[in-house]
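Here the structure is laid out as structure tokens; the discussion comes afterwards.
If you read the sequence from its start, that first residue is 1, and numbering goes on from there.
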Amino acid sequence: MSNEKAVIVNSVSKYYRLYKRNSDRIKETFHPLRKQYHKPFKALDEISFSLNKGESLGVIGKNGSGKSTLLQILCGVLQPSSGNVVVNGRISALLELGAGFNPEFTGRENVYLSGTIMGLSKEFIDENIEKIFSFADIGEYVDQPVKLYSSGMYVRLAFATAISIDPEVLIIDEALAVGDIFFQQKCMAHMKEIRSKATIIFVTHDMQSVSNLCERVILLDEGKSIFDGNPVDAVSN
């Protein structure tokens, strides 16, 4: 494993203003004494960690603990309210099911769309598209609209597209959980294979997968990091 840093997260917080009703936003904006009508909510609270190149990190925690918010900040989908993130290297992400594909487009069209968004040339996609389809293994459905796909077929194509660029930083949210067990095993085998050259950040509720894939685990609870260390110790907690 290289000592060069692939990911640096420095005191990252993300908070939102929660209003009971929409009219409270207007009241707060125009109140002469700046009265607050919102309740502050911190989705993330002063999260800090760094990852070396080739390190695999599991992010675990109950629903609502801030896992997906953290991943979206790492990918640049969200901006932190405070703190900063540095990602060194070509990044690819598979976030929540439904993100990134246009349901009206065919699988083939969505591969080109996603590849373009990731900065890939049409020539590169042309050269690799059959490899993507082979890994996804969804047969003739590649030329059907994605809105006709099952959740398992969707995640097959999304994962195959995400790994097609040989990412230096691979971020996987819980979307893999909807795939069948054989495809999950196929994905895990691939991630193990690329661990030596890619930094992996993996969010899941599957503790066995965390133990098998990750060298390190962060446990989030109500937006705070309450554990950072060995996966075996995290799972036992």
Side-chain angles (χ1 to χ4, degrees), residues 14 16 43 58-59 63-79 87 89-194 198-206 209 213:
K14 181 67 177 179
Y16 298 94
V59 182
N63 291 336
S65 61
K67 304 186 300 298
S68 293
T69 301
L70 175 60
L71 295 200
Q72 290 179 55
I73 289 176
L74 289 172
C75 295
V77 176
L78 293 176
Q79 293 300 312
V87 178
R90 186 172 54 254
I91 187 172
S92 184
L94 177 57
L95 300 179
E96 70 271 13
L97 192 64
F101 279 1
N102 185 322
E104 300 297 329
F105 289 5
T106 67
R108 187 182 301 273
E109 290 168 335
N110 271 298
V111 169
Y112 278 95
L113 173 64
S114 296
T116 301
I117 292 172
M118 291 189 290
L120 304 180
S121 67
K122 182 179 182 300
E123 291 75 18
F124 180 92
I125 301 173
D126 287 341
E127 292 173 3
N128 289 274
I129 195 162
E130 291 306 321
K131 183 173 68 174
I132 293 170
F133 292 157
S134 176
F135 192 98
D137 192 22
I138 59 173
E140 297 179 357
Y141 277 92
V142 297
D143 290 309
Q144 296 298 320
V146 166
K147 64 183 179 183
L148 301 179
Y149 287 15
S150 67
S151 57
M153 291 166 59
Y154 185 104
V155 79
R156 281 173 172 267
L157 188 59
F159 184 87
T161 304
I163 63 173
S164 67
I165 64 171
D166 292 327
E168 294 169 296
V169 178
L170 178 62
I171 296 177
I172 303 291
D173 204 345
E174 294 169 307
L176 286 183
V178 303
D180 63 76
I181 186 63
F182 300 107
F183 187 72
Q184 290 178 29
Q185 291 172 348
K186 186 177 181 180
C187 294
M188 291 296 295
H190 182 82
M191 288 191 285
K192 286 181 180 180
E193 184 180 321
I194 67 172
T199 302
I200 298 173
I201 301 175
F202 182 45
V203 165
T204 182
H205 287 290
D206 184 350
S209 295
L213 178 68

Check the pair V111 / V142 against side-chain contact (heavy atoms from CB on, under 4.5 Å), numbers first and verdict last.
CA-CA 9 Å; V111 169; V142 297; over 6 Å; no

Please evaluate residues K192 and L213 with respect to the criterion side-chain contact (heavy atoms from CB on, under 4.5 Å), reporting the C-alpha separation (whole Å), side-chain torsions for both, the decisive distance (0.1 Å), and the verdict.
CA-CA 6 Å; K192 286 181 180 180; L213 178 68; 4.0 Å; yes

Pair N110-N102, side-chain contact (heavy atoms from CB on, under 4.5 Å): steps then yes or no
CA-CA 7 Å; N110 271 298; N102 185 322; 3.8 Å; yes

Go through it in stages, so that I can follow the logic: the residues are F133 and L157, the test is side-chain contact (heavy atoms from CB on, under 4.5 Å), and I'd like the CA-CA distance, side-chain angles, deciding distance and then a yes or no.
CA-CA 7 Å; F133 292 157; L157 188 59; 4.2 Å; yes

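Pairing each heavy atom of I132 with each of A160, the nearest pair is O-CB, 3.4 Å. Minimum heavy-atom separation, F124 to S164: CZ-O, 3.6 Å. Residues A198 and P167 approach most closely at CB-O, 3.3 Å, considering heavy atoms. Here the shortest heavy-atom pairing between D173 and S68 reads OD2-OG, 3.1 Å. Shortest non-hydrogen contact noted between E168 and R90 is OE1-N, 2.5 Å. The two atoms that bring I200 and M191 nearest to each other are CD1-O, 3.4 Å, heavy atoms only.
For the salt bridge (charged side-chain N to carboxylate O under 4.0 Å, His left out) condition, the pairs that include at least one residue of residues 143-157, sequence neighbours left out, are E104-K147, R108-D143, R156-D180. Under the salt bridge (charged side-chain N to carboxylate O under 4.0 Å, His left out) criterion, the residue pairs touching residues 124-137 are K122-D126, with sequence neighbours excluded.
A 6.0 Å sphere centred on OH of Y112 holds more than 12 heavy atoms belonging to other residues, nucleotides or ligands.
A side-chain donor-acceptor contact under 3.5 Å links S92 to the backbone of A162. Y149 places a side-chain N or O within 3.5 Å of a backbone atom of Y141 that can act as its donor or acceptor partner.
The aromatic rings of Y154 and F101 lie tilted to each other, with the angle between the two planes from 30° to 60°.
Take H190 and apply the ring-ring contact (aromatic ring centres under 6.0 Å, His included) test, not counting sequence neighbours, and it matches F135.
Between atom CD of residue Q184 and atom OG1 of residue T204 there is a gap of 8.0 Å, rounded to the nearest 0.5 Å.
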